[in-house]
Amino acid sequence: MTDDWKRKVDERYQQEERRRAQELEEAKRRQDEQHAREQAQRDAELAKKVKQLGKFKCHICGKVSTVPGSETVSYEEPNPRSTTAMQNADGDWLYDDRYVTRSSEQDDYSQPGDLQKCSKCGKWTCAEHLYRDICKNCAEKGRFG
């Protein structure tokens, strides 16, 4: 019976470990549920954007756009190699840029990526019905100038 108190201490530590393990499992489950909700929301937003592409059609054959357009987004960030100023051999002061302009391509769902506008009528046209930025209809009607 002298080891009875040691057994109780061991049981107490085991209970504590089980409680911590349950808390960790619960936290992981909540985090997984949150990630799943966020992914479902992103998927729904993407589906909505892709559906918007369906409103863009070739005005000649009716081909629906399936590719979003792209846009270049520019932004500035601090230049890690920036120095405030230095003097060249002629004694002129040269100032280094403190910011660097960077750019990236992003999908633009407000315009189609696989259709272009005719330069004469301004309607969306697929590549098959567009030649030198003039659609088939405008070419047949003689709209070149």
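One-based numbering along the sequence shown. Just so you know, these numbers come straight off a predicted model, no measurement behind them. Hydrogens, waters and symmetry mates are skipped; everything else that's a heavy atom, side chains included, is used.
Shown here for E105 and T72, the closest heavy-atom pair between the two residues is OE2-OG1, 2.5 Å. Contact between G122 and K117 at its shortest, heavy atoms only, is O-CD, 3.5 Å. Shortest non-hydrogen contact noted between Q111 and S70 is NE2-O, 3.8 Å. Contact record, C121 with H59: SG-NE2, 4.1 Å, taken as the closest heavy-atom pair. Shortest non-hydrogen contact noted between C118 and C135 is SG-N, 3.3 Å. The heavy-atom pair separating P68 from D107 by the smallest distance is CG-CG, 3.9 Å.
At a threshold of 4.0 Å, the pair E17-R20 does not count as salt-bridged, since none of the basic side-chain nitrogens sits closer than that to a carboxylate oxygen. Residues R7 and D10 are not paired through a salt bridge, judged by the lack of any N-O separation under 4.0 Å between the basic side chain and the carboxylate.
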Inset, instruction - Starting from the C-alpha separation in whole Å, work towards a yes-or-no answer on side chain to side chain contact (heavy atoms under 4.5 Å, CB included) for T125 and Q116. - result: CA-CA 5 Å; T125 311; Q116 292 181 347; 5.9 Å; no
Inset, instruction - Would you please test S119 and I134 for side chain to side chain contact (heavy atoms under 4.5 Å, CB included) and show each step? - result: CA-CA 6 Å; S119 63; I134 299 174; 3.9 Å; yes
Inset, instruction - Test E45 against R42 for salt bridge (Lys or Arg N to Asp or Glu O under 4.0 Å), laying out the working first. - result: CA-CA 5 Å; E45 289 172 2; R42 284 191 297 272; over 6 Å; no
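The line from CG of L46 to CD of Q41 is 12.5 Å long, rounded to the nearest 0.5 Å. Rounding to the nearest 0.5 angstrom, the gap separating the OG atom in S65 from the NZ atom in K55 is 11.0 Å. To the nearest 0.5 Å, atoms NE2 (H129) and SG (C58) are separated by 6.0 Å. The CG atom of D32 lies 10.5 Å from the CZ atom of R37; values are rounded to the nearest 0.5 Å. Once rounded to the nearest 0.5 Å, the distance linking NE2 of H35 with CD of Q39 reads 10.5 Å.
Residues Q34 and E38 are in side-chain contact: their nearest non-hydrogen atoms beyond the backbone lie under 4.5 Å apart. Contact of the F56 side chain with the D114 side chain is not registered, since no non-hydrogen atoms from C-beta on lie closer than 4.5 Å. For the pair E71 and S110, the minimum side-chain heavy-atom distance is 4.5 Å or more.
Within the structure, salt bridge (Lys or Arg N to Asp or Glu O under 4.0 Å) pairs that include any residue of residues 122-140 do not occur (at least two apart or interchain).
For R29, the salt bridge (charged side-chain N to carboxylate O under 4.0 Å, His left out) criterion is met by E26, E33, not counting sequence neighbours.
With N137 contributing its side chain and I60 its backbone, the two residues share no donor-acceptor pair below 3.5 Å.
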